[in-house]
Amino acid sequence: MAPKAQKKPQGKQMAKSSAPHKPKNSAINASRLMKYSRARIFQRKAAYKVKKVKTPAKKSAEKAAAAAAFVVKKIGGDKNGGERKVYKKTPKSLPTQVASRKVQLRPKKTFKKHVRRIRSNLAPGAVLILLAGRHKGKRVVLLKQLESGLLLVTGPRKLNGCPLRRVSQRYVIGTKTRIDISKVALPERLNDAYFRRQRSAKKSAASAGGSADIFAKSDAAYAVSAERREDQAAVDKALMGAIKASGDGPMLRSYLRSLFSIKSGQRPHAMVF
Amino acid sequence: MGKLDKFVEVGRVAFIANGKDSGKVCAIAEIIDQNRVLIDGPCSGVRRQVCDMKRLHLTRFCIDLPHSARTAVVRRKWTAAKLDEKWKETSWAKKLESRRLRTNMSDFDRFKLARAKQ
């Protein structure tokens, strides 16, 4: 098939097509095998006609500076010449071979890029049983899964004292009980950064300085911030409304108030939650 | 030794205790030998098949079946005898049902039950 004739760009008068971009190549199957090979597409696009634009050497000045054997530094004082050429020290060891970069066929994924999974029985509105931490045994409501993979839960605080909190899936039993929280609007600012533990600023500054009083008392006890109170109140209100609206309102409330425990004769592996 | 009033006979309604169709009732359509019978439970979802006597627990119900009756006949006789209702009314079936409900109780159900018992 002969390559289609390309319109020659006429300097700055090149007409801007208002039509949507139609790709010249397309995948023929699910594995993204392309219809036209690279060479073929080069022909079809008439890329041989496109002149390569030489990018101006922006970094040449920086490169030159890096290549120079010395750095010119300004110095103070009278009758000193005002400048000195500071020569670069040769490194202690020079490599004898070019360090070959190991080809990462499957590069290490940073934590941010990890796939976050969630157990199939955990959906927003599910009642969870916390198994560890200071709120262990409490039945709480799952609000959503945060970006880090942790679950955002709340008691509601009114019922069992568990605040808006992050919790790991691993320390949780998901029950079958569900509350419809589709009408509960969660504040936008509830994310991982919001719940991140605050290290006392004084300590970190001191450690940077180096001359810290290492026996200095750490900061005062944790105080709940105003935003936390605000968000807790808003979410609680909406959630209590949702609980009321659900079928078993009063029972659900006392259920969320109560604590979970395994009694004699109960076998968790045989129980349905 | 209990009363010997439940006989392995054609038409005897039996409860399948284990295996694929465990928990279902069926009728004995034919006796093969000392240990095996041909069972059929069209109304309870049991396919016509050979079954070992060891898997079956006999019930006190018996329907009037000619031997080697085909499935359609079994179905007709079963529905005429209203065995589905009769079986449900037995305390055996009721106990099975309550056991099933109990194992399938969710955490919330267990809480409600405990509250109700208080």
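Note on naming: letters A, B, ... go to the chains in the order of the sequence lines (proteins, then strands), and numbering restarts at 1 for each one.
By the 30° and 60° cut-offs, the orientation of the rings of Y255(A) relative to F108(B) is tilted.
Residue Q266(A) places its CD atom among more than 12 non-hydrogen atoms of other residues, nucleotides or ligands, all under 6.0 Å distant. Annotation: R60(B), atom CZ; neighbour count of heavy atoms from other residues, nucleotides and ligands within 6.0 Å does not exceed 12.
The closest side-chain heavy-atom distance from T59(B) to K6(B) is not below 4.5 Å. Put simply, the side chain of H135(A) reaches to within 4.5 Å of the side chain of P163(A), judged on heavy atoms. Using a 4.5 Å cut-off on side-chain heavy atoms (C-beta onward), L130(A) and V167(A) make contact. Residues R257(A) and N160(A) fail the side-chain proximity criterion, which asks for heavy atoms closer than 4.5 Å. Inter-residue side-chain proximity for K35(A) and N25(A) is flagged as met; some heavy-atom pair is nearer than 4.5 Å.
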**CA sep, side-chain torsions, deciding dist, call: K176(A), D109(B), salt bridge (Lys or Arg N to Asp or Glu O under 4.0 Å)** = CA-CA 10 Å; K176(A) 281 160 92 180; D109(B) 294 332; over 6 Å; no
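Proximity to chain A among residues 110-118 of chain B is limited to R110(B), F111(B), K112(B), R115(B), judged by heavy-atom separations below 4.5 angstrom. Contacts with chain A (heavy atom to heavy atom, under 4.5 Å) involve these residues of residues 84-104 of chain B, listed by number: T103(B), N104(B).
Residue L38(B) comes nearest to V50(B) through the heavy atom pair CD1-N, 4.0 Å, listed as atom of the first residue, atom of the second, then distance.
When the candidates T177(A), V127(A), I129(A) are compared by the number of heavy-atom contacts under 4.5 Å with chain B, T177(A) comes out ahead.
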